[in-house]
Amino acid sequence: MEISFATKRILVTGAGRGIGREVAKTLVKCGASVIAVCREKSLLDVLVQEVPVTAVCVDLNDWGATHLAVKSVLPIDGLVNNAGIGIFEPFVDVKPESFDRSFNVNVKSVINVSQVVVQDLIKRKTSGSIVNVSSQASQAALKDHTVYCATKGAVDMITKVMALELGPYNIRVNSVNPTVVLTELGKAAWSDPEKAGPMLSKIPMGRFADVEEVVNAILFLLSSRASMITGVTLPVDGGFLAG
Ligand code: NDP
């Protein structure tokens, strides 16, 4: 099955590294015009040298600047809300700053960026597709993940409400919920063998996910191949959530 994004303009947040970077590069290979958003300009500069993307450098913590930045690159047909951070601390030590920083990027920016894109799609009477990158941590409690689990639980419910409200406009919204992927974020939480071992033992397939496996799921849901799928939270977890 081939997936083509020819003529489509797709915005990817957190495209400077990790999963978002590979999503952006694969979308370009599939014919999309990609708008790559991230905070660190040096990472975007490297990406632009590798593949033809439009780079947008903005801190998603800044609601106003993000709103303007996304507006400046309209029209957008597809959106991957991928940017995210993880701050891992025991429940009794959770700090208010951890909550605010995590919810700003992982949750509020999903609403902000999606609003700009969706308002324009509705105005243009055009169909669209949005994929939110959630996590297995939205549905299973993980030690030291109080705030991270809470942000991803919020992302899943935002996905469902968006699907409910935007279906009538032919705008689909889905989540992809990966298990551990050893990006920089993944390594921060799971590179310690004492933590990785017990997690691996709960994944029926016995391994963490590769970036490409997550990218494939994102691209499928984003594409017209998933034209009747909306409101789902799709685990890419080797069976972790089935246990
Ligand atoms: P990385 O840390 O490798 O990349 C995160 C990206 O998000 C970076 O490009 C980063 O940009 C961007 N970002 C973070 N904060 C901001 C901000 N304030 N403004 C703009 N951009 C920002 O993480 P992953 O690739 O691993 O994660 C991608 C998504 O996948 C996240 O939503 C994460 O929660 C989710 N996920 C990851 C898993 C894993 O094990 N890795 C498992 C399940 C879900 P910059 O570099 O400029 O800061």
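Both counts, for ligands and for their atoms, begin at 1 and track the order of listing. Residue numbers count from 1 along this sequence.
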- Query: For Arg17 and Glu40, what are the C-alpha separation, side-chain angles and deciding distance, and is it a salt bridge (Lys or Arg N to Asp or Glu O under 4.0 Å)?
  - Reply: CA-CA 10 Å; Arg17 64 177 104 216; Glu40 208 177 299; 3.3 Å; yes
- Message: Under a 3.5 Å cutoff, is there a donor and acceptor pairing between the side chains of Asn81 and Ser114?
- Response: yes
- Query: In terms of the angle between their ring planes, are Tyr148 and His145 parallel, tilted or perpendicular, with boundaries placed at 30° and 60°?
  - Reply: perpendicular
- Query: What residue and heavy atom of the protein are closest to atom 18 (N) of ligand 1, and at what distance?
  - Reply: Asp59 OD1, 2.8 Å
- Query: Any idea which protein heavy atom is nearest atom 12 (C) of ligand 1, and the distance to it?
  - Reply: Gly14 CA, 3.6 Å
- Atoms in ligand 1 flagged as close to Val58, the criterion being non-hydrogen separation under 4.0 Å: 19 (N), 20 (C)
- Message: Quick check on contacts: which atoms of ligand 1 are under 4.0 angstrom from a heavy atom of Asn61?
- Response: 18 (N)
- Message: Looking only at protein heavy atoms, which one is nearest to atom 5 (C) of ligand 1, and what is the separation?
- Response: Gly84 O, 3.8 Å
- Starting from atom 26 (O) of ligand 1, locate the nearest protein heavy atom and write down its residue, its atom name and how far away it is, to 0.1 Å. Thr183 OG1, 2.4 Å
- Going by the atom numbers of ligand 1, which of them fall below 4.0 Å from some non-hydrogen atom of Val180? 40 (O)
- Task: Look only at interatomic distance and state if Cys38 has a nitrogen or oxygen under 3.5 Å from any nitrogen or oxygen of ligand 1.
- Result: no
- Item | Ser134 touching ligand 1 at heavy-atom level, < 4.0 angstrom | yes
- Query: When you measure from atom 19 (N) of ligand 1 to each heavy atom in Val80, Leu47, Val211, Leu60, which option holds the nearest one?
  - Reply: Leu60
- Query: Does one side chain, of Asn106 or Thr151, offer a donor that lies under 3.5 Å from an acceptor on the other?
  - Reply: yes
- Query: Do you know which two heavy atoms are closest between Ala24 and Val34, and how far apart they sit?
  - Reply: O-CG2, 3.8 Å
- Query: Can you name the nearest heavy-atom pair linking Ala140 to Leu241, along with the distance?
  - Reply: CB-CD2, 3.9 Å
- Task: Compute whether any side-chain donor of one residue and acceptor of the other, for Asn177 and Thr233, lie under 3.5 angstrom apart.
- Result: no
- At a 4.0 Å threshold, what atoms of ligand 1 neighbour a non-hydrogen atom of Leu43? 46 (O)
- May I ask you to identify, for Ser109, whether its side chain, its backbone, both or neither come under 4.0 Å of ligand 1 on a heavy-atom basis? neither
- Distance-only donor-acceptor check, side chains Asn132 and Ser175, under 3.5 Å: no
- Message: Can you tell me which portion of Lys152 lies within the under-4.0 Å heavy-atom range of ligand 1? Options are side chain, backbone, both, or neither.
- Response: side chain
- Query: When you measure from atom 40 (O) of ligand 1 to every protein heavy atom, which one gives the shortest distance, and what is it?
  - Reply: Val181 N, 2.8 Å
- Query: Can you list the ligand 1 atoms lying under 4.0 Å from a non-hydrogen atom of Ile19?
  - Reply: 25 (O), 30 (O)
- Query: Does any N/O atom on Asn82 come nearer than 3.5 Å to any N/O atom on ligand 1?
  - Reply: yes
- Minimum-distance pair of heavy atoms, taken over all atoms of Trp63 and Lys108: CZ3-O, 3.5 Å
- Item | Glu40: numbered ligand 1 atoms lying under 4.0 Å from its heavy atoms | 47 (O)
- Item | For atom 13 (N) of ligand 1, the protein heavy atom that lies nearest, with its residue and separation | Ala83 CB, 3.9 Å
- Item | N or O contact, Ser135 vs ligand 1, cut-off under 3.5 Å | no
- Heavy-atom closest contact (Ser134 atom, Asp156 atom, distance): OG-OD1, 2.8 Å
- Task: For Glu22 and Lys29, run salt bridge (Lys or Arg N to Asp or Glu O under 4.0 Å): C-alpha distance rounded to whole Å, both residues' side-chain angles, the deciding distance at 0.1 Å, then the answer.
- Result: CA-CA 11 Å; Glu22 290 312 310; Lys29 274 190 207 147; over 6 Å; no
- N or O pair under 3.5 Å between Tyr148 and ligand 1: yes
- Note on the structure: Counting heavy atoms under 4.0 Å, the part of Leu185 that contacts ligand 1 is both
- Of the protein's non-hydrogen atoms, which lies at the shortest distance from atom 43 (C) of ligand 1, and what is that distance? Pro178 O, 3.4 Å
- With the side chain counted from C-beta on, respond yes when Arg9 and Pro75 share a heavy-atom pair under 4.5 Å apart, and no when they do not. yes
- Query: With a cut-off of 4.0 Å, which atoms of ligand 1 are near a heavy atom of Gly18?
  - Reply: 3 (O), 25 (O)
- Taking every heavy atom of Val147 against every heavy atom of Phe99, the minimum-distance pair comes out as CG1-CA, 3.9 Å
- Query: Taking all non-hydrogen atoms of both residues, which atom of Ile85 and which atom of Arg101 are closest, and how far apart?
  - Reply: CD1-O, 3.7 Å
- ligand 1 atoms nearer than 4.0 angstrom to some heavy atom of Val133 are 29 (C), 30 (O), 32 (O), 35 (C)
- Task: State yes or no: do Leu164 and Leu166 share one hydrophobic cluster built from I, L, V, M, F, W and Y residues joined by side-chain heavy-atom distances below 4.5 Å, directly or via other members?
- Result: no
- Note on the structure: A student comparing Arg21, Arg39, Arg17 should find that the heavy atom closest to atom 15 (N) of ligand 1 comes from Arg39
- Query: What do we get for Thr179 next to ligand 1 when only non-hydrogen atoms under 4.0 Å count, side chain, backbone, both or neither?
  - Reply: backbone
- Task: Please check if atom CD in Glu50 has more than 12 non-hydrogen atoms from other residues, nucleotides or ligands closer than 6.0 Å.
- Result: yes
- Item | Test of proximity, Ile85 against ligand 1: N or O pairs below 3.5 Å | no
